[in-house]
Amino acid sequence: MSSATVPAGERAAAAATAGSSGGLPKPSPLYAAAGLDVWTMMNQAAASVGAVNLGQGYMSFPPKDFITRAAQEALAENSHNQYAPPRGRPGLLEQVGARFSRLLGRDIDPGSELSVHAGANEALLSAFTAFLEHGKGEEVILIEPAFDQYTPNVIMAGGRPVYVPLRVRTTKDPAREVVSSSDWKLDPAELEAAVSSKTRILVLNTPHNPVGKVFTREELEEIGAVAQRHNLLVIADEVYEHLTYGIEHVSIATLPGMWERTITVGSAGKLFGVTGWRVGWAVGPASLIAPTLSAHTRIVFTTNTPLQEGIASALCLAHDNDFFNVQRSEYERRRNRLMAALDDAGLPYVVPDGAYYLLANAASIKIPKDYEFPSYIEARGYNFKLAYFFIKEFGVSGIPPTEFYSDAHKALAVDYIRFAFCKTDEVLEEAARRLQKLKTHLQCSD
Ligand code: GLN
């Protein structure tokens, strides 16, 4: 009997017994159980009570006029509405090449040592895809806290994440005193112990999200030495390279012997405060960029044309109008405003030397035993409850940093909450005003 002659009811019944999910298409386990991502969850929770949103790291201020104008002009040019070459628009490659030639102190060939991506996220996914083989148990070392996209991206590319956490090394008590992001240290021995014969890649994020740590040259030399001893590819996520406060950002690719084994990833969204444009890039030797570009070609084919052109013009103009120095001082002022608000509220924190996040230590906050949480928060553990408590009780939202840790190391972050300070003065002032309520809370719960 052909399928056309089988009665519809019987066909449905046969289909129902064919699969364990009642004959319906079954998703990959990687996505089947996935709940809301932390960004959406916290944005929704914040919006539901009108909290001041210091959660997701997007700018609450508009980009400078010259940036949006560059994009508008690019969009008005008819030829900018069609596919870009997979590697990227020549004008953007040239500008990014010039920027990296200065930053890395070497002549970057835009035609072989660069690729443009749909945001830094996609550059990372392309690099993982290009250098990991499925089914071989290849390992990737992630330094915790690790941006929440790294783990799923490594797994999608067939790799296995192995985690090495930063450890707080200071004589101070971080629950009571302000500490420095430089007190969060990577133990080189712990790093080396995590390397196995299957390790292929080490991911390094500096300046670091969420700690705000800017790795020193000495620290990078130690990490580089491990990478060289074990022939690892280093993927350097340096999307905050333009935002350091009184401390020098060093690219690991500039250290002796490291250019050959490093893919450095950057972001136009971070550089110009346009995180929705989704334009990023990867730079490295042709031997590393060629396979990354091949993966990119198969993942998204190309990055959108008009915004590549807009960024190319903006990069050109930014160097003439000292944009990056002005921007850096604006962010430093925002950082200082948030730190002053926390000082005033009596909440200790980790001073960020770079990027636009700050970890506050809320160990002194006592959540009443009978406090009610929605089930989606309850299920995610104490750190999520803490973030929710801040939203409901103080009207300020942050991100629970345990989301940046594997289960084995979540305990290291349970008392922290991440606040983003890429926000307007008005938003930061309102957050400061609301955080005053902490004072009464801390007195009452003593
Ligand atoms: N990088 C930003 C942050 O850490 C945004 C993350 C995201 O939305 N995926 O807040």
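Order of appearance sets the numbers: ligands from 1, and atoms from 1 within every ligand. Quick caveat, the model's predicted, so the values are computed rather than measured.
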*Under 4.0 Å between a Lys/Arg side-chain N and an Asp/Glu carboxylate O for R337 and E429?*
yes
_Test: E330 and K64 ion pair at under 4.0 Å_ = yes
*Return the set of residues passing side-chain contact (heavy atoms from CB on, under 4.5 Å) with H230 (not counting sequence neighbours), or none when no residue passes.*
E192, V195, V226, L232
*Sidechain N-carboxylate O distance under 4.0 Å for R434, E430*: yes
_Lys/Arg N to Asp/Glu carboxylate O, E133 vs R200, below 4.0 Å_ = no
*Should the pair E122-R278 be classified as a salt bridge under the 4.0 Å nitrogen-to-oxygen rule?*
no
*For ligand 1, what are the residues with a heavy-atom contact below 4.0 Å?*
W39, Q56, G57, F147, N209, Y240, K270, Y357, R418
